[in-house]
Amino acid sequence: MANKKRLPVDFSLFSKVQLSAFISLMVISLILGVGIPIFLSSNLLLSIKTTRPYKANELSDEDLISPISFTYIDEDSTKRLKDEAEAEVIPYFTYSYINTMEMKNSSERLYDLIKEYSETGEINGDIDEAMKGYIILATKIGDGGEKVVALTRETVDYFIKKGVFQETDIAQIMQEGKHKIYVESSTELPYSLEKKEVGVGECTTLSSIRSSIYQYLIQNYSNLAFDEIQIIADLSQMIIKPNVFYDEIYTKSQIDSARNSIEPIVVRIEKGDYILKTDTLVTEEQLNILQLLNEKKVFNISPLTIIPRLVLVSFILLFWFTYGFSLVTYSYRKAQYTLIMLSIMDICMIIGFFISWVLVNKGRTDVSSFMPFFIVGMVGTTITNRRSYGLAGILAVAALYTQWPTSELTSFFYIVIVSSVVNLAIKNDKGRFHTILICFECTFISVFITAFFGILREIGIIDILVNCSAQAVNVVASFIVYSILLPILEKVFNIPTKQRLLELAYNDNPVFTQLSQVAQGTYNHVKNVSDLAYAGAVAIGANAELTLVGARYHDIGKMVHPEYFVENQSDKNAHDSISSQLSRSIIKSHVRLGTEKGKEIGLPQEILDIIGEHHGNDLIRFFYNEAVKNASKNNIVEKEDFMYDGNVPSTKESAIVMLADCVEAATRTINRPNHQKYEKFINSIISDKIAHGQLDNSNLTMTDLKKLKEAFIPPLFGRDHHRISYDNDKD
């Protein structure tokens, strides 16, 4: 069976007036969604006026008490901890691979040059004149300079491994007040250099390299002559260059990590805490708190703050509109329900704003439990008979409220959870008095949830009690408004809410009274059909109340010519005296007459649809067959002339009434009925409707049809049940 596709957002479903109202309400919603949080942000905290300006370490002349509970970041303490963390970071130095290898290569080349000069007496290549002089001088000492060059290589290697530092780097570190550094070798060096932590005073620079070389040679080679020490120091100093440099970028990253690891010091001031107390010294911290409170009063909103808010509010409203639009089954209700919900959401935000503004100016910022958002979900669920539609409205207002400065991280979940409890309960409302019982249940549960969130947020017991009391009043007030608002919406927009449907289903309804008087058989028929239809709707989860009322009214058109319908006939058949064509017209007309009668008495359009669709465009077989039988050879009977003029059922509820109507009428002909006969008969009826395309647009699945068949059988047994006969008491 083909499922009916949901309508997309189609603005052609809006009339010109509805479209204008929709655009106006959306603009109002955008203004409220952006304007309310901005306005409340500018008025969130109250400035505290002192009798005179105070300075630190003065005696206070007055008591100043915080009008609200709030938190702030202690900037001074936080900065002190960050500075301490930064001071503990040791500057990071790394070995230079290039400079180290240049010194190593120069040391090796020195050996080759001295050996070459010893053997040939010449020095080839572009060599510094000073270096040439030292090479010539080195060959004249000892055994051809081999001892000098070997000790020079050892000295250079020693300082390569020890590290020679840039003087400017060491000066910078000392200026920053650091006394230790951390040296990291390069893994690309051809020999191992250990990672080490050294004192700044132990670092060798070019300015101190000569004295360091002398000290090294004297300590390790005490038998060297002075001229040998002199020439080794000269050669080493010519080769040695800085090979350890300050890695400022890495050190800066370590400092940033250390500072970022410090969490801000958050201080909480509770409502009623003393900010200043008479005859006590005023501290710098107290002055900072006063300044903080007064600065929060300043209105300072930039366009860059407004634009993201506008985008977010637009997204929330667009998501709600698109999703909610798709949830409404009837196309003629989509625009209507959208406008109703937008109006209620805007009104709730306006009322919520005034509540927040009053409470904030009285020193209270925790106002989530005062927000009148329950009514959004209650109305949405009731008018559409779909919890998901009410939940969509709840999510929208909760998301909008999270931007208000009076909300917290938990506010969204709090509003959604508490509103969902009411939303779930209101769907099961079975009457006006039952609404009162649901109100008490929801009040109790919402107070419990409020207390739970209060404990979760670690607020004081007094604040928890205030929030619970406010929530209880909020729920009760919402139910009172709901009880007043709902009948108005039902009347103005002719909405088939559950309460309205239950009222329409009353047996003492004037329509039913008239039907029982002029067409007793039809009256009994519609009662039996409504029993079948209600049982079927409950079985597959359709709108049971709408199905029940639709079944009750589906044959009210038969009141016009009741004698032409078999259930109202006794011995005489009124069709015997008229033609098949006229009989066809009378039978077909009861659908049109029923729709007209329904409009006269103000039935909702959903019920009118059921009346108009309960026969679909099916064939009136009996009179068609009679017409064919009685027609002459030259007279062709058109099948279309004997088909109902209605549309095939467009909803599950309408299709259920169609099937219940056929089943109730057809099964009366079963002789000695039992479960198997009922099941077989119902199967044939369902198969016939499927074959003739009567269920194509109904959204009924094969599983639904199976459940309907099982649900129809028990009421049929109740209808056809016969008592045993008793002998008459002759006494």
Side-chain angles (χ1 to χ4, degrees), residues 75-107 130 152-221 229-230 232-265:
E75 300 287 354
D76 292 337
S77 298
T78 303
K79 183 178 183 303
R80 185 178 65 254
L81 291 178
K82 287 180 179 289
D83 291 344
E84 291 174 359
E86 179 180 348
E88 293 179 1
V89 175
I90 298 176
Y92 196 85
F93 283 71
T94 56
Y95 278 89
S96 168
Y97 174 80
I98 294 175
N99 287 15
T100 298
M101 292 310 299
E102 284 181 359
M103 286 191 285
K104 189 71 176 172
N105 293 336
S106 297
S107 176
T152 301
R153 289 171 66 183
E154 276 189 33
T155 303
V156 171
D157 281 350
Y158 170 77
F159 283 101
I160 284 176
K161 293 180 180 180
K162 182 180 180 184
V164 180
F165 295 80
Q166 188 92 347
E167 289 186 49
T168 54
D169 290 345
I170 298 301
Q172 180 180 345
I173 296 304
M174 294 180 69
Q175 187 176 0
E176 292 174 358
K178 303 289 186 178
H179 302 290
K180 289 186 178 181
I181 62 173
Y182 185 78
V183 181
E184 168 73 85
S185 68
S186 172
T187 56
E188 296 178 350
L189 293 175
Y191 47 87
S192 174
L193 291 175
E194 295 181 355
K195 302 175 184 178
K196 55 186 177 180
E197 185 179 305
V198 298
V200 175
E202 302 173 21
C203 297
T204 302
T205 62
L206 287 181
S207 62
S208 63
I209 189 66
R210 190 167 190 85
S211 61
S212 298
I213 293 172
Y214 282 159
Q215 186 178 2
Y216 169 75
L217 292 173
I218 292 171
Q219 287 179 350
N220 293 279
Y221 305 100
I229 293 176
Q230 188 82 8
I232 291 170
D234 289 339
L235 288 170
S236 298
Q237 190 171 1
M238 294 183 71
I239 294 172
I240 292 173
K241 62 174 64 177
N243 70 329
V244 182
F245 297 92
Y246 181 29
D247 192 340
E248 192 169 1
I249 295 176
Y250 181 78
T251 303
K252 181 67 167 57
S253 70
Q254 293 295 100
I255 291 173
D256 290 341
S257 297
R259 294 185 71 89
N260 292 336
S261 66
I262 303 299
E263 295 292 334
I265 305 301

Can you tell me how far [atom2] of [Y] sits from [atom1] of [X], rounded to the nearest 0.5 angstrom?
X	Y	atom1	atom2	answer
K162	E202	NZ	CD	8.0 Å
S236	Y216	OG	OH	9.0 Å
K79	R259	NZ	CZ	6.5 Å
I240	I160	CD1	CD1	7.5 Å

Taking [X] for the side chain and [Y] for the main chain, is one N or O donor matched with an acceptor at less than 3.5 Å?
X	Y	result
T78	I265	yes
K178	Q172	no
S106	E102	yes
S208	T204	no
E167	S207	yes

So, D157 and K161, do they make that salt bridge, N to O below 4.0 Å? no
Between D76 and R80, is there a salt bridge with N-O shorter than 4.0 Å? no
Quick one: salt bridge (charged side-chain N to carboxylate O under 4.0 Å, His left out) partners of E154, sequence neighbours excluded? none
Any side-chain heavy atom of [X] within less than 4.5 Å of one from [Y]?
X	Y	value
I173	F93	yes
K241	V164	no
R210	D234	yes

Within 6.0 angstrom of Q175 CD, more than 12 heavy atoms from elsewhere: no
State which residues pass ring-ring contact (aromatic ring centres under 6.0 Å, His included) with F159; sequence neighbours excluded, sorted by chain then number. none
Taking ring-ring contact (aromatic ring centres under 6.0 Å, His included) as the definition, give me every residue that meets it alongside Y250, ordered by chain and number, with sequence neighbours left out. Y92
Stepwise side-chain hydrogen bond (donor to acceptor under 3.5 Å, both in side chains) check, N243 with T100: CA-CA 6 Å; N243 70 329; T100 298; 3.1 Å; yes
